[in-house]
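Worksheet: the structure to be examined is printed underneath.
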Amino acid sequence: MVAALIHVQGKLSGVKVIVDKPRLTIGRSTDNDLGVEDELVSKQHAVLEAVSQGHDPGTLEFYIQDLDSTNHTFVNERQVSFQRLAHNDIIRVGRTQFRFVLDAKADHGDTVRMEKTWIPGVYVTKKSTGKKR
């Protein structure tokens, strides 16, 4: 099962970030997997984790945990410290919002991946064809 975060407002609206690892860190620091340029986001704000279910290793549940951020993490406008995510939940860190989607059968042909560059604070987007290399 694949999941994604879709930016839902501003100039990056529609950018999809695939959750392709068991732990995705979110924050303002360039050390994070998902860097968010928002002054209300802490350097290490939250972490999204995929947890395999013991009875079925192919089934994943996704959780978000606030990392004691200054301005908190919200799911569907409710402040959370640890929360299981469901399809179409809205995650807000600072002023930045993402829609969480369980994307198991979606066509990733138009997926855009955000990747860090060697320049601190600078990210590039790369279009993915959805094909394995």
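Heavy atoms only: backbone and side chains are in, while hydrogens, waters and symmetry mates are out.
- Side-chain contact between N88 and V101: present, with at least one pair of heavy atoms (C-beta onward) separated by less than 4.5 Å.
- Residue pairs meeting the salt bridge (charged side-chain N to carboxylate O under 4.0 Å, His left out) criterion with at least one partner in residues 60-70, sequence neighbours excluded, are E61-R84.
- Side-chain contact between V51 and L60 is absent, with no heavy atoms from C-beta onward closer than 4.5 Å.
- Exactly one residue among D38, T25, L34, V93 makes a side-chain contact (heavy atoms from CB on, under 4.5 Å) with H45. That residue is V93.
- With respect to E39 and R28, no salt bridge is recorded, no charged nitrogen being found less than 4.0 Å from a carboxylate O.
- Between L48 and V19, the closest side-chain pair of non-hydrogen atoms falls below 4.5 Å.
- If you chain together hydrophobic residues whose side chains sit under 4.5 Å apart, V47 and F62 never meet in one group.
- With a 4.5 Å cut-off on side-chain heavy atoms, D31 and S29 count as touching.
- Within the structure, ring-ring contact (aromatic ring centres under 6.0 Å, His included) contacts touching residues 71-99 (residues at least two apart or in different chains) are H7-F98, Y63-F82.
- Using a 4.5 Å cut-off on side-chain heavy atoms (C-beta onward), D33 and I26 make no contact.
- Counting only residues at least two apart or on different chains, the salt bridge (charged side-chain N to carboxylate O under 4.0 Å, His left out) pairs with a member in residues 85-94 are E77-R92.
- Counting all heavy atoms, side chain and backbone alike, L40 lies closest to G94 at CB-CA, 3.7 Å.
- For residues 43-55, the salt bridge (charged side-chain N to carboxylate O under 4.0 Å, His left out) pairs, not counting sequence neighbours, are R23-E49.
- Contact annotation: the side chain of T73 approaches that of I64 to within less than 4.5 Å [non-hydrogen atoms, C-beta and beyond].
- Counting only heavy atoms from C-beta outward, the side chains of I6 and F100 never approach each other to under 4.5 Å.
- Scanning for side-chain hydrogen bond (donor to acceptor under 3.5 Å, both in side chains) contacts around Q83 gives R78, with sequence neighbours left out.
- Partners of R99 under the salt bridge (Lys or Arg N to Asp or Glu O under 4.0 Å) rule, at least two apart in sequence or in another chain, do not exist in this structure.
- Linking Ile, Leu, Val, Met, Phe, Trp and Tyr whenever their side-chain heavy atoms come within less than 4.5 Å leaves L5 and L67 in two separate clusters.
- Side-chain contact between I91 and L85 is present, with at least one heavy-atom pair separated by less than 4.5 Å.
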